[in-house]
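Let me begin by presenting the structure, written as structure tokens, before commenting on it.
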2 protein chains.
Amino acid sequence: MEDQFIKTATLIGDATRASILWNLLDGRAFTATELAVAVETSAQNISMHLGKLLEADLISVEKQGRHKYYRFSNKEVAYAVEAMVNLIPKPKVAVKKKSEEYPPIKYCRTCYDHLAGKIGVALADSLLEQKIIIEANGVFEISSEGIKWFSEFGINIEEAQKQKRIFLKPCLDWSERRNHIAGSVGAMLLNKMITEDWVRRIKDSRAVTITGKGEKELLRYFKIVV
Amino acid sequence: MEDQFIKTATLIGDATRASILWNLLDGRAFTATELAVAVETSAQNISMHLGKLLEADLISVEKQGRHKYYRFSNKEVAYAVEAMVNLIPKPKVAVKKKSEEYPPIKYCRTCYDHLAGKIGVALADSLLEQKIIIEANGVFEISSEGIKWFSEFGINIEEAQKQKRIFLKPCLDWSERRNHIAGSVGAMLLNKMITEDWVRRIKDSRAVTITGKGEKELLRYFKIVV
DNA sequence: TTCATAGTTAAATACAGACTGAACTATTCA
DNA sequence: TGAATAGTTCAGTCTGTATTTAACTATGAA
């Protein structure tokens with residue numbers, strides 16, 4: 001078992017491959033060339049590295065015409081990468097200047113398939129404050145009023161519960177060091193916001209941008225001032 | 001941020017350091033020499049690697065006389081390592097022979113600070129069946145009868161809830177691919193079993209062995225046949 | 001058909017970073 | 001006090017593996 005672990009660790013622990021994983025972290029699929037650009041290396045090199053990640057089943061491919069789209073092959077990979085992100089040493093004394101603490105909130109990160117960053121945390125806060133979600137002993141659950149709220153919001157909670165994947169879980173955010181909402185509920189929330197055009201994905205980035213409509217609705221539903 | 005991630009990844013992704021982390025995974029502290037033996041390398045080399053892990057704050061030291069004890073500096077490290085263990089490719093078709101599926105259950109693994117492996121899963125199953133712990137939407141919580149049960153068992157749940165660390169959470173076991181009980185409740189259970197001499201840690205190993213007393217008590221409390 | 005783009009494969013090279021050897025300090029024990 | 005054990009530091013060597021150079025196949029567009 002140990003040597004298998006070492007194999008996996010050394011696989012992840014190459015600078016180029018780590019960069020690939022980093023770029024795939026938001027859950028989208030990229031072509032080999034896109035990754036080569038993002039990682040700043042040659043096509044041949046990317047090809048070799050993708051081959052290794054593929055063989056270990058950390059990523060999977062889908063062929064579309066002459067393109068090949070690469071993405072994480074499962075959630076565990078994203079979780080492992082996120083867990084490693086959490087190990088990044090915290091900035092020393094970090095006396096942040098309040099004024100330029102972060103880039104404008106309009107640009108917010110996604111974490112695999114759910115909202116993260118400042119807005120992810122704000123969303124979690126709001127849902128907690130509205131008692132739509134309640135926290136008990138470090139885990140999140142949905143209150144009975146919450147179920148009603150979600151259905152009015154256009155998300156079928158019963159549906160989500162049927163899914164095999166983890167339903168709802170707190171996800172520690174590395175930039176905010178606070179919890180936001182992961183699991184299928186987190187994914188459905190993001191999904192809904194995208195289809196309603198509250199937010200849009202920015203090409204080739206983990207960020208999303210908030211639309212004018214999103215701005216209003218976020219205020220209305222969650223009292224989040226963008 | 002990306003380059004910091006890459007630094008962390010390459011730090012973990014060296015064979016020797018990965019082996020060190022593997023050995024520290026059960027939560028105990030080891031001296032530099034012990035680790036050198038376990039990892040099968042020289043003292044100088046271990047010293048260098050420990051230095052690097054230390055600098056990144058993945059591990060911490062405690063000096064005791066002329067010995068230095070190394071351990072994970074926080075839970076996040078253990079979680080990240082566990083998450084990586086989960087990425088180990090599953091055995092192909094794996095037609096396991098029932099007879100020799102696993103080494104005798106008397107030898108069971110610990111995972112950082114709680115019971116894992118076959119017995120960890122059996123324990124979780126029993127607590128769930130007895131409705132001491134209930135599962136809802138992928139998370140565990142303790143029932144009101146459960147709280148009573150724990151206090152009779154000699155574990156003060158209110159105490160555990162006060163702790164900052166995660167109280168109770170399912171932890172996917174890589175060998176069983178099923179959940180066992182992690183978090184402070186998991187730790188307290190293991191702790192209680194050790195102080196009551198149901199199980200004993202085996203020197204230099206992640207395994208514990210079940211005592212005669214433990215055998216009886218596990219049957220009595222949890223209907224686990226060892 | 002021909003050209004451009006996407007991606008792969010193979011051999012040759014280069015280099016970062018692990019490891020070794022030797023000399024050092026610090027603590028315990030006799 | 002000396003001898004043994006625990007651990008560190010540093011300069012030099014060595015090697016695994018990433019990268020480059022080059023030649024290849026496959027798909028789509030003109």
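All heavy atoms count here, side chains included; hydrogens, waters and symmetry mates do not. Just so it is clear: chains get the letters A, B, ... in the order the sequence lines come, proteins before strands, and each one is counted from 1.
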dT20(D), dT27(C), dT20(C): which one has an atom nearest the side-chain heavy atoms of Q44(A)?
dT20(D)
Roughly how many Å is it from CZ in R17(A) to P in dG16(D), rounded to a whole number?
16 Å
Nearest to the side chain of H67(A) - dA4(D), dT9(D), dA6(C)?
dA6(C)
Comparing R66(A) and A15(A) on DNA chain D - which has the more 5′ nearest nucleotide
A15(A)
Would you kindly give the CG-to-P distance between N45(B) and dT13(D), to the nearest whole Å?
18 Å
Do the charged groups of K213(B) and E217(B) touch, with an N to O distance under 4.0 Å?
no
Would you name the heavy atoms of Y70(B) and L24(B) that are closest together and state the gap between them?
O-CD2, 3.5 Å
Between C1' on dA6(D) and CD on Q64(B), what's the gap in Å once rounded to a whole number?
14 Å
If you check every side-chain atom of K63(B), which of dT27(C), dA18(D), dA18(C) has the closest atom?
dT27(C)
Tell me which nucleotide among dT9(C), dT20(D), dT5(C) gets nearest to the side chain of S47(A).
dT9(C)
Under 4.0 angstrom, heavy atoms only, what part of the nucleic acid is Y70(A) near: base, sugar-phosphate, or nothing?
sugar-phosphate
Listed nucleotide nearest any side-chain atom of A43(B), set dT27(D), dA18(C), dT8(D):
dT8(D)
Decide yes or no on side-chain contact (heavy atoms from CB on, under 4.5 Å) for I12(B) and L58(B), but give the supporting numbers first.
CA-CA 9 Å; I12(B) 296 178; L58(B) 294 194; 4.0 Å; yes
Within the pair K52(A) and dA18(D), is there a side-chain N or O less than 4.0 Å away from OP1 or OP2?
yes
